[in-house]
Amino acid sequence: MYIGRFAPSPTGALHLGSLLTALASWCDARAAQGKWLLRIEDIDTPRIQQGAVEHILHSLEHYGLYWDDEVSYQSQRTCYYQQALDILQHKQLIFWCTCSRSQLAQTGSAIYTGQCRTQQQFKANAAARLAVPQPNCLIQFNDGVFGAQYEDISQTVGDFPLYRRDSIFTYQLAVVVDDALQGITHIVRGADLLDNTARQIYLQRCLDYQTPFYSHIPLIVTSKGEKLSKQTGAKALDFTNPSATLWQLLVLLGQNPPKPLQYEAKEDILTWAINHWDLSNIPATLKLITDN
Ligand code: GLU
Ligand code: ZN
């Protein structure tokens, strides 16, 4: 059984790029007659923006992208993240890092250089890092859009954090635990996360979880090359003509919707999209250009 998900962070309103990802993930799940879950990734509390959750839910409904089951919220699932951290502690796969930001900067290396590796006992006011085998830890996976991927995480990131000094579980830990506990089989998400996938697969192996099938969707940029993101203050979605927007997004996804379809009701566009969905038509380019 296919179980997919859309997992937005409520750090701002949904923009065209996140709607593109949501649409791709929804079509992929519906075409496979699978489930599509909605998970609000509100674990990084300082970054949450008031009203963003409501805006995301409302936007998805406005475009006809209905989800199955109840919405889940990471902020209510910290007990599961703690359990996973305890398992990793028990397996001696994590250590407690007391390095300050400036100490880390002083090493002059983007990769953690393993200073605190011997601190295997829990320490207060410390970050928990996963010990990544050195000098190599090559992860290979086959992405549904980008094809064969290889990343040696000992060379790209090194020991990465699972729990922060400010007592927040990291995205890497939370997303891996939730995807496993919710039985997610297929992940369709933005290509900005392509280089997070190897870390997540390694963490899945440490926790004896299955690895889902990943497909990454290119990001939308403006013709000036600017990334559309909540952070750069991307234009909010234009709600006036959902049919035209959905049609335009299907074009960007390489699905070749017929021209007259853009004047149909959004339900008809979505039905067409499910019936004609072909993941292999999505262009494997990191950027899709649009100015509207
Ligand atoms: N919450 C993440 C984001 O909004 C996406 C997580 C994921 O799909 O793995 O960027
Ligand atoms: Zn350290």
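Order of appearance sets the numbers: ligands from 1, and atoms from 1 within every ligand.
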Item to check | Per-atom contacts of ligand 1 with Leu193, taking only distances under 4.0 Å to non-hydrogen atoms | outcome: 5 (C), 6 (C), 7 (C), 8 (O), 9 (O)

Next on the checklist: How large, to 10°, is the angle at the Zn ion (ligand 2) when you draw lines to SG on Cys97 and to SG on Cys116?
Outcome noted: 120°

Checklist entry - Is it the case that Asp178 and Tyr80 place a side-chain donor and acceptor less than 3.5 Å from each other? => result no

Checklist entry - What about Tyr63 and His58, are their ring centers closer than 6.0 Å? => result no

Next on the checklist: At less than 4.0 angstrom from any non-hydrogen atom of Arg5, what atoms of ligand 1 do you find?
Outcome noted: 7 (C), 8 (O), 9 (O)

Checklist outcome for this item: Angle subtended at the Zn ion (ligand 2) by Cys99 SG and Tyr112 OH, to the nearest 10 degrees, is 120°

Checklist entry - Taking atom types as modelled and ignoring hydrogens, do the side chains of Thr170 and Arg129 form a donor-acceptor contact shorter than 3.5 angstrom? => result no

Next on the checklist: So, regarding Val175 and ligand 1 (criterion: nitrogen or oxygen to nitrogen or oxygen, under 3.5 Å), is there a contact or not?
Outcome noted: no

Checklist entry - For the residue pair Ala128 and Leu85, what are the closest heavy atoms and their distance? => result CB-CD1, 4.1 Å

Checklist entry - Is the distance between the ring centroids of His216 and Phe146 less than 6.0 Å? => result no

Checklist entry - Using 30° and 60° as the class limits, which term best fits the ring planes of Phe6 and Trp36: parallel, tilted or perpendicular? => result parallel

Checklist entry - Should one rank Glu41, Gln74, Arg189 by closest heavy-atom distance to atom 6 (C) of ligand 1, which comes out on top? => result Glu41

Next on the checklist: So if I count the atoms of ligand 1 from 1 in the order they appear, which ones are less than 4.0 Å from some heavy atom of Tyr171?
Outcome noted: 6 (C), 7 (C), 9 (O)

